[in-house]
Amino acid sequence: MILLQGKGVSKGMIKGPLYFYKRNDGTVVKTEAWDIDAEKARLAAAQEQAIDQLNALADKCREENGEETALLFETHAMFVDDEDYVDAINATLEEEHCNIEYAAWQAGEQFAAMFEAMDDAYMRARSADIRDVTRRLLNIMMGIVEGGIDSDVPVVLAADDLAPSETLQLDKTKILGFVTRGGSGNSHTAILARTMGIPAICGLGDSLNEEYNGREVYIDGETGAVFIEPDEITLGSLKDKMGKQQQMKELMATMIGQEDVTLDGRRMMVYCNIGSPEDVTAVKANDGQGIGLFRSEFLYLAADDYPTEDEQFEAYKAVAEAMDGKRVVIRTLDIGADKQVEYFHLKKEENPAMGVRAIRICLNQPEIFRTQLRALYRASAYGKVAIMFPMITAVWEVKECRRACQAVMQELTDEGIPFNPDTEIGIMVETPASVFMAPELAKLVDFFSVGTNDLTQYTLACDRQCNDLGKFFDPEHPAVLRALKMAADAAHAAGIWIGICGELGANIDLLPTFLAIGIDELSVSPASLLPLRAEIRKSIAQTCTLEKLLG
């Protein structure tokens, strides 16, 4: 038996084969190729496979999001066989006697450049489609695995760590759990695991060796232990723990349909955090009463170019409709810092966590902001959508956001496009500045939602992505809890509600403190909802104290 020790960041225990994530940067290298017919045959095979993939995606989109999104993939499928495009590939192949990958890449860049030079904005935007089609062909020919997992059975996925864009592309049906060399409890791998309700362990370092690939492992997301081919005694203990885990799941299932109310009648709104429309399935399976945080930036991270208004609208609409009248809080674009998107061309910063990110990007680039706001307001006609602005530090920022909202509502009115003019507007409280300014900010919005991960980072001067800080990054620090109390008092004085959408909201040990502070809503990963509900239902709000705020 081999035992590896890391840090558990998503609870649960699972067993399965260990599989190391296959990462390929997709760099195209030019090589000589004299068998032209063989290279053309490779291209033809890739075209056939690409068309099958795109038609399957179109069928899925038509079923889930409607005809408009499906049309995009059908157009891509048509371009794969476009005569001029294929002729350009073959011309390079025959003239330069090069490999088909290089010829396809050259043709893709040639056509993309041609579209980028056009006057019409719509046609210029098609350059991204051409590059996307070309990249699909290249991936097929170069053997790059879509989703990074080439396995017929579900696996325990191992990696150094995963970037946000990589987590989006994973085939989640094949993942039992995560183990990573680096990362932290706030990494995107950890967040994804908690959303999926599967165990995850980070910080294993070099002990997570690729020589273990394919071997059966048990991972314990509570203790952070990885057991490779455990001995009989250990195996018995692990199976016993897995049995108890299953019993607990069955017990928690009895919470479905129950109210989120304490023994003395205090009601709590218990919502879920999601990163994509697909996550709504987990929300509904766990009886979520709403969505307290839809991380809209994942639509940008999953794209090769700025998502269009229609693409965003379809995603927001799908979630709003699926939640059937329950509140859906959608956070506006929150990239920068640890979430970098290449096509935004953000400058490299010495301290990106305090740099150009989130609402600062939106206010600096109003056209990007306008596009998203139009999509959000259009979606508001299909459900109870609320809009939330991140990284707020000042009153003027909120006023600028509200002016942008008013301008968009006027545009939609003039165009005869339906929307809800009473859409709730809220802000994230995640900086000390927003806490100190909370009384003034509360007068401008309908709700507060506290992002405890960033609030902890900025309050304690601790990088949330640095696993080495360990005990210094303490979300339960009295300073963080006092900040929560200050924000809650300001919210209630202004007559608005306040929630927590950071990971701290799922901390059952802190529930009495949240009740004492006066938190109205907790938004957590879907897997955390039912245990939280069970704890709320056996709590007595009137007996809760603020003791933890005293340190």
Side-chain angles (χ1 to χ4, degrees), residues 4 6-12 14 16-27 135 139 144-151 153-210 212-214 217 219 221 224 226 273-276 278-279 282 293 295-304 334-344 352-353 357 453 463-468 503 525-527:
L4 311 180
K7 178 183 178 182
V9 292
S10 182
K11 292 182 180 180
I14 201 72
L18 191 65
Y19 183 93
F20 276 80
Y21 178 70
K22 292 185 176 179
R23 182 179 284 115
N24 191 314
D25 65 4
T27 301
R135 177 52 57 190
N139 284 350
I144 297 175
V145 178
E146 197 73 31
I149 305 171
D150 185 13
S151 173
V153 297
V155 300
V156 175
L157 191 63
D160 49 1
D161 198 7
L162 295 168
S165 57
E166 291 174 328
T167 63
L168 286 170
Q169 295 166 15
L170 293 171
D171 182 351
K172 298 173 182 63
T173 64
K174 292 185 177 179
I175 303 172
L176 298 170
F178 291 100
V179 289
T180 62
R181 293 189 180 106
S184 70
N186 296 311
S187 68
H188 298 283
T189 308
I191 291 170
L192 174 62
R194 288 190 287 264
T195 300
M196 294 174 65
I198 60 176
I201 298 169
C202 72
L204 288 161
D206 292 337
S207 67
L208 184 60
N209 196 307
E210 289 202 33
Y212 302 138
N213 192 64
V217 299
I219 68 170
V226 179
N273 300 331
I274 66 169
S276 71
E278 291 75 24
D279 294 337
L293 173 62
R295 303 179 180 95
S296 72
E297 63 270 16
F298 282 81
L299 299 176
Y300 295 79
L301 288 161
D304 294 324
D334 187 10
I335 65 163
D338 57 318
K339 289 173 285 192
Q340 294 293 321
V341 180
E342 186 176 346
Y343 56 81
F344 272 76
R357 57 171 297 195
N453 296 340
D463 184 350
R464 57 182 282 198
Q465 297 299 320
C466 181
N467 202 38
D468 294 337
E503 292 300 325
S525 64

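Quick caveat: nothing in here was measured; it's all calculated off a predicted structure.
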- line: Sorted by chain and residue number, the side-chain hydrogen bond (donor to acceptor under 3.5 Å, both in side chains) partners of T180 (sequence neighbours excluded) come out as none

message: Ignoring hydrogens, what is the shortest heavy-atom contact between A527 and G197? Give both atom names and the distance.
response: CB-CA, 3.4 Å

- request: Give a yes or no on whether a salt bridge exists between D334 and R357, defined as a side-chain N under 4.0 angstrom from a carboxylate O.
  value: yes

- prompt: Taking all non-hydrogen atoms of both residues, which atom of A193 and which atom of A200 are closest, and how far apart?
  reply: CB-CB, 3.5 Å

- prompt: Quick one: side-chain contact (heavy atoms from CB on, under 4.5 Å) partners of P526, sequence neighbours excluded?
  reply: T195, C272, A282, V283, N286

Separation between CZ of F20 and OH of Y212, rounded to the nearest 0.5 Å: 9.0 Å

message: Return the SG to CZ distance between C202 and R181, rounded to the nearest 0.5 Å.
response: 14.0 Å

- request: Can you measure from CG (L301) to OG (S276) and round to the nearest 0.5 angstrom?
  value: 12.0 Å

- prompt: Between the main-chain N or O of V9 and the side-chain N or O of R194, is there a donor-acceptor pair closer than 3.5 Å?
  reply: yes

- request: Output the distance between atom CD1 (I191) and atom CD1 (I274), rounded to the nearest 0.5 Å.
  value: 13.5 Å

- request: Starting at CG of D161, measure out to CZ of F178 and round the result to the nearest 0.5 Å.
  value: 10.5 Å

- request: Hey, could you give me the CD1/OG distance between I175 and S151, rounded to the nearest 0.5 Å?
  value: 11.0 Å

field: Side-chain donor/acceptor of Y19 to backbone N/O of P154, under 3.5 Å
entry: no

Non-hydrogen side-chain atoms of N209 and L4 separated by less than 4.5 Å: no

query: Would a 4.5 Å heavy-atom cut-off, applied to side chains only, mark L157 and K174 as touching?
result: no

- prompt: Heavy-atom distance under 4.5 Å between the side chains of P17 and V153, does that happen here?
  reply: yes

query: Are side-chain heavy atoms of Y21 and L162 found at a separation under 4.5 Å?
result: yes

- prompt: Less than 4.5 Å apart, any side-chain heavy atom of L192 and any of L170?
  reply: yes

- prompt: Can you name the closest pair of heavy atoms from Y300 and Y343 and give their distance?
  reply: O-OH, 2.7 Å

- request: Taking the side chain as every heavy atom from C-beta outward, state whether V341 and E297 have any atom pair closer than 4.5 Å.
  value: no

query: Any side-chain heavy atom of L176 sitting closer than 4.5 Å to one from I198?
result: no

